[in-house]
Chemist: 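Below is the structure I would like to discuss, written out as structure tokens.
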Amino acid sequence: MIPDRNEIKKALVNLLEREGSLSPSTVYRALSDHFGLSTSDLAKKTDTNESFFEKEVRWAKKDLVDSGVIKMPQQSGRGIWELSVKSEEELSPILAYSPEEIERELSKVTLSLSPPVGQKKPERASSSGEIFARDVRVVAYVLKEAKGTCEACTKPSPFTKADGMSYLEVHHLRRLADGGTDTVQNAIAVCPNCHRELHHGRNKTALRDLVYSRISRVVRE
Ligand SMILES: [Zn+2]
Ligand SMILES: [Zn+2]
């Protein structure tokens, strides 16, 4: 059975997150393996005699380009599919810090003391200007204050990591690329589902407003 377009979109983002940049033919092969497509699924043609499955994958890719998740061909080069830097930065939970660094900071955080100052103007860590150096103390403080509960949906973190910590991702309510600060007033700890929704959901603004009203630490920027 050929999966629906939303399933294809999800699988495509996961694939590119894992593999970096890929050619369309590699994507078709990897996704057809992922979905366990049969020979007859793959033989299915469109009216114009193209592979139906490959056309669905191209549709999913186009939709992800339109929403800014995958780079436009002018940015990535023709025949190369790649997540845009912004989404890589935002989707990866805590870029640039090793688990050990975060662990070390977590052990130092005491919630009763005043929170770390963070950075009002986060420094750009790459020449392309899209990756920002984040303050590991802000990450640690926010994770500690969340106590293993998503600050958007209030559900418990989906799993415990190998190091025994609850898995949550740190999200900036106003994006650093849009001038948001890297401070505990602009950062929240959320589950992966809420994180995706805060970036790509139809109701992302409502969800963000809910966070602003519920979490006393955060301040609108
Ligand atoms: Zn959540
Ligand atoms: Zn985010």
Side-chain angles (χ1 to χ4, degrees), residues 6 9-10 12-14 16-18 64-71 82-99 101-102 105 115-116 118-126 128-161 165-221:
N6 277 325
K9 274 163 68 174
K10 272 187 253 169
L12 178 54
V13 170
N14 286 334
L16 293 175
E17 270 190 313
R18 216 169 47 235
L64 289 163
V65 169
D66 290 345
S67 52
V69 177
I70 291 182
K71 283 183 186 169
E82 205 172 65
L83 293 181
S84 71
V85 175
K86 275 181 195 166
S87 54
E88 270 175 41
E89 178 211 0
E90 284 288 356
L91 292 175
S92 72
I94 306 151
L95 195 89
Y97 294 108
S98 66
E101 282 176 284
I102 292 168
E105 286 302 323
Q119 311 173 88
K120 294 286 177 205
K121 285 203 171 111
E123 279 184 42
R124 287 164 195 267
S126 76
S128 73
E130 296 295 354
I131 309 266
F132 292 82
R134 301 186 186 184
D135 189 329
V136 68
R137 286 163 299 186
V138 170
V139 170
Y141 186 91
V142 168
L143 288 174
K144 195 129 184 179
E145 194 166 274
K147 296 190 186 73
T149 300
C150 171
E151 292 187 306
C153 68
T154 72
K155 292 197 189 106
S157 132
F159 62 90
T160 304
K161 295 188 295 175
M165 273 185 57
S166 303
Y167 182 85
L168 288 173
E169 301 178 355
V170 173
H171 170 72
H172 289 89
L173 288 162
R174 182 177 164 97
R175 291 173 8 141
L176 302 184
D178 293 336
T181 64
D182 184 29
T183 62
V184 302
Q185 289 81 25
N186 188 40
I188 53 173
V190 286
C191 71
N193 279 348
C194 286
H195 199 185
R196 298 296 170 99
E197 186 170 359
L198 282 160
H199 282 273
H200 307 297
R202 175 178 292 179
N203 297 319
K204 61 183 179 183
T205 312
L207 184 57
R208 198 174 55 196
D209 288 345
L210 189 69
V211 170
Y212 278 124
S213 64
R214 186 188 289 138
I215 309 292
S216 56
R217 184 189 71 245
V218 293
V219 179
R220 253 174 224 281
E221 294 186 347

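Order of appearance sets the numbers: ligands from 1, and atoms from 1 within every ligand. What's counted below: heavy atoms across the whole structure, side chains too, no hydrogens, waters or symmetry copies.
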Chemist: Using 2.8 Å as the cut-off, count the protein N, O or S atoms closer than that to the Zn ion (ligand 1).
Modeler: 4
Chemist: Using a strict 4.0 Å threshold on nitrogen-to-oxygen distance, state whether Arg217 and Glu151 make a salt bridge.
Modeler: yes
Chemist: Mind listing the closest non-hydrogen atom pair of Leu143 and Ala189 along with its distance?
Modeler: CD2-CB, 4.1 Å
Chemist: Of all the N, O or S atoms in His171, which one sits nearest to the Zn ion (ligand 2)?
Modeler: ND1
Chemist: Working to the nearest 0.5 angstrom, can you tell me the gap between Tyr212 OH and Ile188 CD1?
Modeler: 8.5 Å
Chemist: Could you give the distance from OG1 (Thr183) to OH (Tyr141), rounded to the nearest 0.5 Å?
Modeler: 11.5 Å
Chemist: Starting at NE2 of His172, measure out to CG of Asp182 and round the result to the nearest 0.5 Å.
Modeler: 4.0 Å
Chemist: Report the residues that fulfil side chain to side chain donor-acceptor pair (under 3.5 Å) with Asp209, sequence neighbours left out, ordered by chain and then residue number.
Modeler: Arg220
Chemist: Please state whether the separation between the Zn ion (ligand 2) and some N/O/S atom of His172 is under 2.8 Å?
Modeler: no
Chemist: Rounded to the nearest 0.5 Å, what's the gap from CD on Glu169 to SG on Cys191? Could you check?
Modeler: 8.5 Å
